[in-house]
Amino acid sequence: MSVLPNYISSEVEQKWYSYWLKNKYFSSKPDHREPYTIVIPPPNITGVLHMGHMLNNTIQDILIRRARLKGKNACWVPGTDHASIATEAKVVDSLKKQGINKEDLDRESFLKHAWEWKENYGGIILDQLKKLGCSCDWDRTKFTMDEDMSKSVISTFIDLHNKGLIYKGYRMVNWDPEAKTTLSDEEVNYVERKDNLYYIKYKVENEDSYITIATTRPETILGDSAICVNPTDKRFHKLKGKKIIVPLCNRSIPLIEDDYVDIDFGTGCLKVTPAHDLNDKLIGDRHNLEVIDILNDDATLNRHGLEFEGKDRFVARKEIIDKLTKQGLVDKIEQISHNVGISERTNAIIEPKFSDQWFLKMEELVKPAIKSVLKDEEIKLFPKKFENTYKHWLENIRDWNISRQLYWGQQIPAFYYGKGKNDYVVATNIKDALSVAIEKTNNKNLKLSDLKQESDVLDTWFSSWLWPISVFDGINNPDNDEINYYYPTNDLVTGPDILFFWVARMIIAGYEFKNTKPFSNIYLTGLVRDKQRRKMSKSLGNSPDALKLIKDYGADSVRVGLLLSASAGNDLMFDESLCQQGKSFSNKIWNSYKLINGWSVEDIEQPEYSKLSIQWYENKFQSVLVEIEDHFNKYRLSDALMCVYKLIWDDFCSWLLELIKPEYQHPIDKLTFDSVINIFENNLRVLHPFMPFISEEIWQNISNRSVNEALIVSAWPKVESVNRKMIKDFDFTSQVISSIRTIRKEKNISFKNSIELHVLNNENNSSNLDSLIIKLCNISKLVYTKIEVENSISFRVKSNNYYVPVDNNNINIEEEIIKLKKELQYIEGFLNSVRKKLSNSRFVENAPDKVIQIEKDKEQDALSKIKAIKDSLSSLDR
RNA sequence: GGGCGCGUAGCUCAGUUGGUUCAGAGCACCUGGUUUACACCCAGGGGGUCGGGGGUUCGAAUCCCUCCGCGCCCACCA
């Protein structure tokens, strides 16, 4: 056989990925087999592959490849998300670089640029997933703004609207003044900041007295419509019914009373600015207060801003304080620390804004989603600990603000026929809208040109919540073959950060639009962090270049590296050295194949030790396979990988191959060789989901395979019965072997020098594995004895005594005696504690029989071991 | 402020209902080894009062209380 070259991951990976693609192994069509379906969490088209993607797509690929090997019709649907805010920001940015302002473009031209951008960059991340080995059915690639996908979104909007679940309302929303859009609550981060708390004096009308209020946002003074105190606060009873003068603009506003005000905070007086604070708005509603909005969309002051009009809110704040100070109205300034809302996208400080938005009522929709996960367990959450979080969120859910003031996205299909905010109809297109409008208004003179479509688009999540349904066109064609076959999907793999944004909403959509769950299992990965536990992010620059890692270590190695420390739901501290561990493993596997590949096979007799070793490994493999299955069933993928890792590295390479390895330049018998190849193939089958490339490469090297014999479509090994005794006997034997190795090391006996081994078989072991000891320990003679052996070093495994005779001058009798006495002392202490337990009547009365029996066995073990040590001691004493 | 969770070897983590196999794994570390697959290796080895204290129990890493430290989610007080 030819000498194999070293393993070069980049060549091998490219070769097999093209081969897999060419032969359509990834593609899936409905057939008679059981389906196994995963829909990818669609990455943003603006995204580049980062470690989080690498992790959860590796996991999905492992699940898909295993399902494929198990004979299921495995279908992994890939795609991307239009990510309205993020993409629009990118496009605006790229236009700016070309000297174009978004404001100068109308909707249509902007969208043209956006689609152009999407065509250029939108597919990059999917190409990167291919490098990782992801076996998605690429022919099914979807985009959340594909025509049919958008059609689904629009028709569900209309459906929900017709059910009375969508309404328009003025609400306090999070306004991002930089992106000039509303943000969902989830897109706002709160950071703790130190700010000034200004105490400002307001004059009481027609009196020479002042009251003081505290505020962190003095510019909103211009929007004040009342001063509010707690009705039980006696300090202010004398001012009841009075008017207060707002500084600077000298408006007269009422003093009102409301329970909301905390007597002990600040001065006990609250300035009420309904346009700029949610709680103030609620107070305002209770007291019929005027709403005075003082800000423009870009957070500069508007016409209510007096001489500060046009100035940014923070500039205005400073100037207002200066002016108030000059007027002697600033009582004092304190430093407080409080939380400030920051836009996740632009980092701008969020302005609470009173705005006209579209909402979806959630209260009823959410009910089946609570029941299915928490009560019926139709959907299982891994790890389970997220159930509490899930429950808490769903039970406290608020109505969903689904409108966004952007161009990029599905435009809300509402058409206004009049000036009033509720003078609209909802329809698929403008023509339908016209007839609906005519019917509604009874105004036959309405023309198309009288209708104006709502300019807002829908929240991105309002399209991605349909993803598991809409990728199979299950909204537009609810009874098509694909949706009937693939839906509900099996597993969803994603990060816990979008449990609410996306996962919960998909469940809601599943029950609302398909009457069933969208998937059966949710696997939440951890977040990938760096070694210092920081979240990986672009701004910190601590995220490694995923593609470079693949180039340096190979995709298989990166997959292994990521997975090794990624137990479900735990954040994982990523460190490049993990990839190195993966690479070492690849190297180990490759070299084990090189060894076997180099053997010359002859039709000679099979040695006993080979036969036994192979028997042992086949049983060991089965027992590990059972463990692997168990780990998979509980979604403990890193544990499953660790099983494979140890199986191949320790059991296969370190034990089996060392045992059956022929002597240098000697041939191997055919029986053993064939068995080893068979074993190797089974190893590759369980390895394949984790390390698809190297496993396929070796598989195809072992023999010439036809197209339908590729590893990717071979079969996962079947679980068979395990001979546990064989494994136990081998464990015993391996302890003997380790002990001999220890003695060789301690006594400096080179492996090249053969030694004798004498056994005092107190355990009455059958001796059939002795040939393994002889092979691995270079034993010249293995003798069973009834008496102690003098001039030897002894050790025990269980109660068996083993003696390795050595030269007199290589043995230090005193040292040996001390060693044995220590061993004896320990075991006697152990015996004592066991007996103490057994003589404790409360233990004997209360503990179950099984536990008592265990203690009795321990007692017996200890006794026979003590006897064996004493035997050895007496032989040394002589 | 409200809720959830965590603390086990130098690091990252397993440890089902308290009881064989419970004090474990991988990595790192230490010692020795290289003409004969692999130094990306082999063999051997040392590491832990299971965050502290108290309790329940015949028996606690596991259950309860308390203190200390950390993380996440939700709400957000002018």
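Just so you know, these numbers come straight off a predicted model, no measurement behind them.
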Once you round it to whole Å, what is the distance between C1' of rA43(B) and NZ of Lys747(A)?
18 Å
Report the nucleotide, chosen from rA37(B), rC73(B), rA78(B), that has the shortest atom-to-atom distance to any side-chain atom of Leu197(A).
rA78(B)
For the residue pair Val624(A) and Leu647(A), what are the closest heavy atoms and their distance?
CG2-CD1, 3.8 Å
Counting any heavy atom closer than 4.0 Å, what does Asn846(A) reach on the DNA or RNA strands: base, sugar-phosphate only, or nothing?
base
May I ask which nucleotide in the shown strands pairs with rC11(B), Watson-Crick or G-U wobble, both distances under 3.5 Å?
rG26(B)
Give the rounded distance in Å between these two atoms: NZ of Lys594(A) and C1' of rA37(B).
7 Å
Identify whether any heavy atom of Asp280(A) sits under 4.0 Å from a base atom; if not, whether one sits that close to sugar-phosphate; answer base, sugar-phosphate or nothing.
nothing
Rounding to an integer number of angstrom, what distance separates rG7(B) and rG48(B) when you compare their C1' atoms?
14 Å
Rounding to an integer number of angstrom, what distance separates rA14(B) and rU8(B) when you compare their C1' atoms?
10 Å
Should Lys332(A) and Glu334(A) count as an ion pair when the cut-off is N to O under 4.0 Å?
yes
On the side chain of Lys588(A), is there an atom forming a donor-acceptor pair with the base of rC40(B) - under 3.5 Å, no angle test?
no
Mark yes or no for a side-chain to base donor-acceptor pair under 3.5 Å between Glu658(A) and rA37(B), with no hydrogen or angle criteria applied.
yes
Taking rG52(B) as the reference, what is the distance to rG46(B) when you measure between their C1' atoms (whole Å, please)?
27 Å
Which of these nucleotides, rU21(B), rC38(B), rA78(B), is closest to any side-chain atom of Lys858(A)?
rU21(B)
Nearest-neighbour nucleotide for the Phe500(A) side chain, rC73(B), rA37(B), rC76(B) considered
rC73(B)
Specify the separation, in whole Å, of atom CD of Glu859(A) and atom P of rU20(B).
17 Å
Which listed nucleotide (rC41(B), rC74(B), rC58(B)) is nearest to the side chain of Ser584(A)?
rC41(B)
Given the C1' atoms of rU49(B) and rC72(B), what is the spacing between them in whole Å?
30 Å
Taking only residues two or more places apart in sequence or in another chain, which ones pass side chain to side chain donor-acceptor pair (under 3.5 Å) with Asp857(A)?
Gln853(A)
What's the verdict on ring-ring contact (aromatic ring centres under 6.0 Å, His included) for Tyr390(A) and Phe500(A), showing C-alpha distance, side-chain angles and the deciding distance?
CA-CA 7 Å; Tyr390(A) 178 85; Phe500(A) 308 136; 7.6 Å; no
Whether the side chain of Lys661(A) engages the backbone of Ile596(A) through a donor-acceptor N/O pair (distance < 3.5 Å, no angle test) should be reported.
no
Pairwise P distance, rU16(B) and rC6(B) [rounded to whole Å]
12 Å
Would you check if the side chain of Asp224(A) reaches a backbone N or O of Lys271(A) as a donor-acceptor pair within less than 3.5 Å?
no
Report the nucleotide, chosen from rA37(B), rC74(B), rA78(B), that has the shortest atom-to-atom distance to any side-chain atom of Val261(A).
rA78(B)
Would you mind telling me which of rG45(B), rU21(B), rA37(B) lies closest to the side-chain atoms of Cys653(A)?
rA37(B)
Using atom C1' in both nucleotides, what's the gap between rC42(B) and rU36(B) to the nearest angstrom?
14 Å
Rounded interatomic separation in angstrom, taking CG from Asp857(A) and P from rG19(B):
18 Å
Nearest-Å distance once atom C1' is located in both rU34(B) and rC70(B)
47 Å
Which is more 5' along RNA chain B, the nucleotide nearest Lys850(A) or the one nearest Tyr260(A)? Just name the residue.
Lys850(A)
Using Watson-Crick or G-U wobble geometry with both distances below 3.5 Å, tell me the partner of rG18(B), or none.
none
How does protein reach along nucleotides 25-35 of chain B, written 5' to 3' as B (base within reach of a heavy atom under 4.0 Å), S (only sugar-phosphate), or - (no contact)?
SSS---B----
Between Glu351(A) and Arg217(A) (salt bridge meaning N to carboxylate O under 4.0 Å), is one present in this structure?
yes
What contact category does Ser841(A) fall into here, base, sugar-phosphate, or nothing, at under 4.0 angstrom with non-hydrogen atoms?
nothing
To the nearest Å, give me how far apart NZ (Lys271(A)) and C1' (rC77(B)) are.
14 Å
Counting only side-chain heavy atoms from C-beta out, which of rC58(B), rC74(B), rC38(B) sits nearest to Ala847(A)?
rC58(B)
With RNA chain B as reference, determine whether Arg842(A) or Glu855(A) sits nearer its 5' end, using the nearest nucleotide of each.
Glu855(A)
Out of rC73(B), rG19(B), rA43(B), which nucleotide sits closest to the side chain of Val851(A)?
rG19(B)
Crowded around Glu363(A) CD? As in, over 12 foreign heavy atoms under 6.0 Å?
no
Taking atom C1' in both rA61(B) and rA9(B), compute the distance separating them and give it to the nearest angstrom.
14 Å
Side chain of Thr267(A), backbone of Thr212(A): donor and acceptor closer than 3.5 Å?
yes
Return the value, rounded to whole Å, for the distance between atom CG of Leu524(A) and atom P of rG71(B).
21 Å
For the residue pair Phe652(A) and Phe680(A), categorise the inter-ring angle as parallel (less than 30°), tilted (30 to 60°) or perpendicular (more than 60°).
perpendicular
Students often get this wrong, so: under 4.0 angstrom with heavy atoms, is Ser592(A) touching a base, only sugar-phosphate, or nothing?
base
To the nearest angstrom, the NZ-C1' distance between Lys332(A) and rA78(B) comes to 14 Å
